[in-house]
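Report on one structure; see the data block that follows.
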Amino acid sequence: MPDLSRIGDREKLKPKAGDEPHWHRLRQGVYLGYRPSKKTAGGTWFARFYDADNNRNKRKRLGDYGTLSGHDVFRQAKADAEVWAATVESGGELARSMVTVRDACEAYLEQKPGSIAEGVFRRHVYCDPIAKVKLEKLRRHHLRSWRKRLEQAPALVSRSKTGEKRWKERAKSTVNRDMVPLRAALRQVLEPGRPGSDAAWQEALKPFKGAGKPRDLYLDRVERKRLIDAVSDEARPFVKGLCLLPLRPGALAALTAREFDQRTRSLIVGKDKNDRSRQISLPKDTADFFAEQVEQKPPASYIFVRSSGKAWAKDSWKRPIKEATKAANLPIAVCAYTLRHSVITDLIRARLPILTVAQLSGTSVAMIEKHYGHLVHDDSEDALSTLVLEQ
């Protein structure tokens, strides 16, 4: 059995009958194979795993690693073979139909369905040349080109079906968010490549640093009340809900009547960014408000609905909030997320523990500290100032 890690030994190998690879043992039951080309230098690499449960060998073609040379070829092939073998061994062998980047994205959605990832794949992957690239051929330059196209694609500001569509330059923070689903899908099926090499596909998807700017537009309680009073009757319950809870607008819009229990004054937030449900205990006044909204509604109905009976969405809440902002003489940049930011700010200033704020708002402690940590620092200074001894 040859030592494929030795370049000289590998170059001396001749093609075997039936195109059978030369095998190199990595560990018991796991082998790395190399089949020399009959016409050119180099060859094709394979992985083999012995499935004891089925008493048979499984094989996977790894590719020719044409962009790598010398010892880098063996190191990358060995790493890929071990990752694949571990996947098979744990019962998670990829379907044979998974060949392209699109296949990987679709497999990811089967395991982790979500409207955000699905939307990103539909808008920026499936209709892009990257979708047809084979996983075994995927290299850093493929994803660099895809990222460049993503950065240059304008972001849609208005999706109104009747009005004129408006676009704006895609922000770095938006690019970062749109790269997340593809990076997650590829990580499920590909081992990160050797840093600095073209096989290091993951390097092309690194997020921009410092792109996520914290929201600094804040409305106090009086200003939020002015907004509620100025908004249309149709949108008023939804906007008031945003002012009472630190929820993302989409999560509030997705709430159904069955998720509110009037007896226990509890609310289940089931559909949110992280796809994990959480329960919130409501104070009496807030619970009374929700009780009014669910009155005589069947369990499957949305708590907050438009006059048409449909749920609120980004394209429907923008206009009434924008019009109310103007009528209430508030900053023009006010949006639905301004209300979430304002509510979270008030909770922090009320000195509610950061962990509790994170749980209520459906985000991480790290994100709360990143965007609201300065408020905690200000309160710390106020608390420490009480310890100063009189001269």
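Quick caveat: nothing in here was measured; it's all calculated off a predicted structure. Note: hydrogens, waters and symmetry copies are ignored here, and every other heavy atom, side chains too, is used.
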remark   = Residues Ala311 and Ser316: closest non-hydrogen pair is O-OG, 4.5 Å
query = Linking I/L/V/M/F/W/Y whenever any side-chain heavy atoms sit under 4.5 Å apart, do Leu26 and Trp84 land together?
reply = yes
Donor-acceptor contact present, side-chain Arg340 to main-chain Pro246, <3.5 Å = yes
ask   = Are any of the side-chain heavy atoms of Asp72 and Ser197 separated by less than 4.5 Å?
value = no
key: Check against salt bridge (charged side-chain N to carboxylate O under 4.0 Å, His left out), Arg221 and Asp346   = CA-CA 9 Å; Arg221 288 176 175 81; Asp346 283 353; 3.5 Å; yes
message = Can you confirm whether His24 sits close enough to Asp3 that some side-chain heavy atom of one is under 4.5 Å from a side-chain heavy atom of the other?
response = yes
key: hydrophobic_cluster_shared for Trp146 and Phe208, side chain cutoff 4.5 Å   = yes
remark   = Taking every heavy atom of Val231 against every heavy atom of Pro320, the minimum-distance pair comes out as CG2-O, 3.7 Å
task = Scan residues 292-301 for pairs that pass side-chain hydrogen bond (donor to acceptor under 3.5 Å, both in side chains), counting only residues two or more places apart or in two chains.
result = none
inquiry  = For Ile268 versus Ser277, what's the shortest heavy-atom pair and its separation?
reply    = CG2-CB, 4.4 Å
ask   = Just by modelled atom types, is the Leu4 backbone N or O under 3.5 Å from a matching donor or acceptor in the Arg10 side chain?
value = yes
ask   = Is Asp198 reaching over with its side chain to a backbone N or O of His141, donor-acceptor style, under 3.5 angstrom?
value = yes
key: Nearest-0.5 Å distance that lies between atom CZ in Arg123 and atom CG in Asp128   = 13.5 Å
task = Can you run down the side-chain hydrogen bond (donor to acceptor under 3.5 Å, both in side chains) pairs that involve residues 231-241, sequence neighbours left out, and say none if there aren't any?
result = Asp233-Arg236, Glu234-Ser307
request  = Could you tell me whether the side chain of Gln76 and the main chain of Arg194 form a donor-acceptor pair under 3.5 Å?
outcome  = yes
query = Does atom NZ of Lys16 have more than 12 heavy-atom neighbours from other groups under 6.0 Å away?
reply = yes
query = Taking atom CE of Met367 and atom CD1 of Ile344, what is their separation to the nearest 0.5 Å?
reply = 10.0 Å
inquiry  = Would the distance check show the side chain of Arg140 and the main-chain N or O of Ala200 forming a donor-acceptor pair, the cut-off being under 3.5 Å?
reply    = no
message = A side-chain contact here means heavy atoms from C-beta on lying under 4.5 Å apart; do Thr338 and Thr325 qualify?
response = no
ask   = So, Arg278 side chain and Val269 main chain: donor-acceptor pair closer than 3.5 Å or not?
value = no
request  = Please check if the side chain of Asp103 supplies one atom and the backbone of Thr100 the other of a donor-acceptor pair under 3.5 Å.
outcome  = yes
ask   = Do Thr256 and Glu259 meet the criterion of a side-chain donor-acceptor pair at a distance under 3.5 Å?
value = yes
task = Return yes when atom CZ of Arg187 has more than 12 non-hydrogen atoms of other residues, nucleotides or ligands closer than 6.0 Å, and no otherwise.
result = no
task = State, to 0.1 Å, how close Arg224 and Leu219 come at their nearest heavy-atom pair, and which atoms those are.
result = NH1-O, 2.7 Å
note = Taken to the nearest 0.5 Å, the spacing of Ile348 CD1 from Glu369 CD works out to 9.0 Å
query = Yes or no on side chain to side chain contact (heavy atoms under 4.5 Å, CB included) for Trp23 and Phe46, after CA distance, side-chain angles and deciding distance?
reply = CA-CA 9 Å; Trp23 295 104; Phe46 297 83; 3.9 Å; yes
request  = Would you sort out whether Leu282 and Phe260 count as a side chain to side chain contact (heavy atoms under 4.5 Å, CB included), showing the intermediate values?
outcome  = CA-CA 10 Å; Leu282 304 178; Phe260 171 66; 3.8 Å; yes
inquiry  = When you measure from the side chain of Arg35 to the backbone of Thr44, do you find a donor-acceptor pair of N or O atoms at a distance under 3.5 Å?
reply    = no
request  = For the pair Leu242 and Val343, evaluate side chain to side chain contact (heavy atoms under 4.5 Å, CB included) and give the outcome as yes or no after the intermediate values.
outcome  = CA-CA 8 Å; Leu242 291 174; Val343 171; over 6 Å; no
ask   = Can Asp64 and Ser37 be said to form a side chain to side chain contact (heavy atoms under 4.5 Å, CB included), step by step?
value = CA-CA 10 Å; Asp64 58 15; Ser37 173; over 6 Å; no
task = Treat each ILVMFWY residue as a node, draw an edge where side-chain heavy atoms are under 4.5 Å apart, and state whether Leu245 and Val305 are in one component.
result = no
key: 4.5 Å side-chain heavy-atom contact, Val133 and Leu143   = no
task = Kindly say whether Arg147 contributes a backbone atom to a donor-acceptor pair with the side chain of His124 at under 3.5 angstrom?
result = no
request  = Is it possible for you to say whether Val180 and Leu109 belong to one hydrophobic cluster, with membership spreading through side-chain heavy-atom contacts below 4.5 Å?
outcome  = no
key: Pair Arg226 + Asp229: basic N to acidic O under 4.0 Å   = no
message = Minimum heavy-atom separation for Leu62 and Ala77, please, with both atom names.
response = CD1-O, 3.6 Å
request  = Output yes when a side-chain donor or acceptor of Arg248 lies under 3.5 Å from a complementary backbone atom of Gly362, and no otherwise.
outcome  = yes
Minimal non-hydrogen separation, Met179 against Ala204, with atom names = SD-O, 4.4 Å
task = May I ask you to check if Arg6 and Tyr34 form a cation-pi contact, with NZ or CZ under 6.0 angstrom from the six-membered ring centre and within 45° of the axis?
result = no
query = Should we say atom NZ of Lys225 is surrounded by more than 12 heavy atoms from elsewhere, each under 6.0 Å from it?
reply = no
remark   = NZ (Lys322) and SG (Cys335) are apart, to the nearest 0.5 Å, by 7.0 Å
message = With rounding to the nearest 0.5 angstrom, report the NZ to CG distance, Lys78 to Leu32.
response = 9.0 Å
query = Are Tyr302 and Leu247 grouped together when hydrophobic residues (ILVMFWY) are joined by side-chain heavy atoms under 4.5 angstrom apart?
reply = no
inquiry  = Is the shortest side-chain heavy-atom distance between Ser342 and Glu223 below 4.5 Å?
reply    = no
task = Anything under 30° is parallel, anything over 60° is perpendicular, the rest tilted; go ahead and classify Trp317 against Phe238.
result = parallel
inquiry  = Would you compute the distance between atom CD of Gln152 and atom CZ of Arg170 and round it to the nearest 0.5 angstrom?
reply    = 11.5 Å
key: Note, Val125 side chain near Arg102 side chain (heavy atom, < 4.5 Å)   = no
ask   = Under 3.5 Å, is there a donor-acceptor pair linking the side chains of Tyr65 and Asp80?
value = yes
